[in-house]
Amino acid sequence: MPSSVETLEFQAETRQLLRLVIHSIYSNKDIFLRELISNASDALDKLRLESLTGSLAEVDTSDLHISLEVDRDARTLTVRDNGIGMTRDDLVELIGTIAKSGTAGLLEKIKDSKDAATAESLIGQFGVGFYSAFMVADKVAMRTRRAGTDSGTRWESDGEGSYTIQDDQDLPVGTSVTLHLKPADSEDGLADYLSESKIRQIVKRYSDFIRWPIRMASDRTDADGETTSELDTLNSMKALWARSRSEVTEDEYNEFYQQISHDWLPPAETIHMRAEGTFEYEALLFIPSQAPFDLYSRESKSGVQLYVKRVFIMDDCEALMPNYLRFVKGVVDAHDLSLNVSRELLQHDRQIQGVRRRLVKKVLAAVKDMQAKDAERYTKVWAQFGRALKEGLIEDTDNTEALLELVSAASTHDPEKTTTLRQYVERMKDGQDTIYYLTGETRAMVENSPHMEAFTAKGFEVLILTDPIDEVWVDQVPAFDGHRLQSIAKGQIDLDETADGEKETDAHRAQREEDLAALLTWLTTALSDHIKQVRLSSRLTTSAACIVGDAHDVTPTLEKMYRAMGQQMPPTKRILELNPTHPLITSLRTAHDTNADDPALTEIAELIYGSALLAEGGDLPDPARFTRLLTEHLTRTL
Ligand code: ADP
Ligand code: MG
């Protein structure tokens with residue numbers, strides 16, 4: 001029964017992506033074959049799993065394989081599998097649209113990227129999958145029949161704006177993708193993909209570990225000059241993780257990683273382990289060298305695949321890796337699980353929880369090891385994944401100590417280099433038992449903040465924390481190696497207790513507080529709309545005033561972040577600290593002693609508060625009023 005041909009439009013984003021692919025941002029076009037073989041392999045996995053778990057019991061799975069077929073006359077290359085196949089609706093949904101999250105944002109970034117290399121790296125992180133076929137073909141035809149259904153569908157497109165779709169009664173179960181190849185062109189990086197040796201080379205390089213046979217016919221000429229065609233299996237199909245470490249070369253690890261991650265860079269670290277005993281499993285994990293573009297998007301998924309005795313079960317197995325380690329890629333092959341295991345069940349399985357604990361420890365230990373042995377590599381890994389690891393300080397309290405060992409932060413010790421907490425502790429002054437830090441939006445804002453003054457003057461090192469997530473973890477972590485973490489913009493700070501310099505006597509200090517008591521009381525009332533207290537400071541050397549929080553107050557940056565996320569936050573009133581030796585403060589005291597009712601004093605109080613706010617990078621409650629007061633007072637002094 002002939003069926004009509006229907007023409008459908010690609011979704012707008014797909015069209016854009018296709019345009020990018022066709023006009024070729026990829027210099028390495030060979031990877032199209034890796035993508036198609038990977039899809040075929042996934043389809044075989046799915047069919048095998050469904051047949052093992054009973055839902056497709058009647059399907060023949062005795063010879064699951066992938067075949068590559070070359071037709072020199074027609075200039076086509078076909079990748080065929082006898083896997084799960086697709087229904088007509090699957091085709092429209094899976095091939096006609098991009099379901100990946102972050103597509104629109106990515107396309108924007110690619111458009112804005114300055115050079116081809118950046119564009120390529122962005123698209124490389126995204127993975128173009130099936131569409132990569134259009135790098136080498138000007139027409140692609142897909143024929144597919146879903147297992148368990150009795151008719152199939154043909155799909156065809158030149159990759160421009162639309163595709164055609166049509167029923168076909170005579171298709172076997174599975175999928176074939178036929179590429180009508182563009183002419184080979186060395187300038188465009190288009191190799192001769194009809195060449196048997198080229199195909200062998202690409203398969204060996206990118207798809208050797210695919211667990212299904214990849215077959216291709218090859219012509220053999222015997223002694224009598226007789227040519228026969230026979231089928232060859234091109235890949236070794238060895239599950240790398242099942243071999244022992246000593247049998248695997250670094251190149252093999254790297255290529256395996258690139259296959260499962262679709263990354264084009266080698267990994268920064270490879271972790272290969274085997275657990276024996278009551279619950280046996282093998283794990284082969286990788287820490288990438290570069291973070292994927294969507295690592296911090298909400299939909300970013302775990303990168304660990306679960307196998308059960310060599311049978312692929314699922315991608316993105318979040319039960320095996322906590323969310324903050326979602327950048328880790330790899331494979332876990334557990335021997336004693338049911339093939340029917342669901343995500344739900346895995347989350348609650350005690351043995352899987354045990355595996356996960358062990359894997360987390362291994363990954364953290366690997367980063368720690370890198371820190372000790374290869375500082376440069378560690379620094380790069382931290383730059384890529386530090387933010388994610390810091391999420392661990394919030395969500396994984398079992399590993400707080402191990403994670404704190406990995407933390408690397410900017411510090412006042414050396415403007416060029418970051419420091420670990422361990423290094424900070426080693427440099428602490430005699431008698432210092434606290435790790436000091438200051439959070440803020442930028443390094444310059446933190447460094448120039450008035451809170452820093454006494455610390456700089458007295459030579460105390462302060463960590464400079466400018467990552468938004470720093471605001472959160474520092475509050476949750478009680479201590480590192482027995483040393484409390486203390487914000488220099490919070491609570492009472494008395495550096496004299498620990499400084500080696502001259503110490504102010506208690507009597508001297510008490511005297512000064514008494515002298516200024518009336519001023520402090522008056523200022524607290526005058527500024528009560530903005531702050532909860534005015535007190536004397538030991539943090540300041542050159543500034544007249546600064547604003548600090550109580551030990552448990554939310555920081556202004558965090559407050560801003562909560563508001564940006566749409567959370568209702570009552571404004572936190574903080575504390576104004578005055579520098580008792582600053583001429584502005586001593587003069588203010590004299591003026592207040594002389595005439596406490598002078599209205600100009602209240603204005604000066606407001607100006608002092610506003611300046612302290614500006615100095616730490618804060619926003620004035622009423623900038624116009626501040627400017628007017630400042631102008632008036634400046635005019636009066638001239
Ligand atoms: P990805 O593989 O990352 O999902 P692709 O663009 O490579 O993205 O493929 C899109 C989807 O199309 C696949 O997820 C799969 O559902 C379907 N698909 C592609 N090729 C095949 C195939 N040979 N057999 C069955 N389904 C396929
Ligand atoms: Mg794919």
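Position 1 is the first residue of the sequence; numbering continues from there. Note that ligands are numbered from 1 as they come in the structure, with each ligand's atoms numbered from 1 the same way. Heavy atoms only: backbone and side chains are in, while hydrogens, waters and symmetry mates are out.
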Relative to the heavy atoms of A43, which atoms of ligand 1 are at a distance of less than 4.0 Å? 24 (N), 25 (C)

Any heavy-atom pair between the side chains of D45 and W212 that's under 4.5 Å? yes

Looking only at distance, does T175 have an N or O less than 3.5 Å from an N or O of ligand 1? yes

Rounding to 0.5 Å, atoms CD1 (I95) and CG (N39) come to a distance of 7.0 Å

With nothing but distance in play, are any N or O atoms of D42 less than 3.5 Å from an N or O of ligand 1? no

Check: M86 N/O within less than 3.5 Å of ligand 1 N/O: no

Does S38 put an N, O or S atom under 2.8 Å from the Mg ion (ligand 2)? no

Residue pair K368, Q371: steps toward the side-chain hydrogen bond (donor to acceptor under 3.5 Å, both in side chains) verdict: CA-CA 5 Å; K368 176 81 190 129; Q371 188 189 61; 2.8 Å; yes

Qualifying residue for side-chain contact (heavy atoms from CB on, under 4.5 Å) with Y193, from R75, K29, K182: K29

Between I95 and ligand 1, which part of the residue brings a heavy atom under 4.0 Å of the ligand: side chain, backbone, both or neither? side chain

Within the 4.0 Å heavy-atom cut-off, what L36 brings close to ligand 1 is neither

Could you establish whether E35 and ligand 1 come within less than 4.0 Å of each other, counting only heavy atoms on the residue side? no

Under 3.5 Å, is there a donor-acceptor pair between the S62 and D60 side chains? yes

Beyond-backbone contact of D336 with Q351, side-chain heavy atoms, under 4.5 angstrom: no

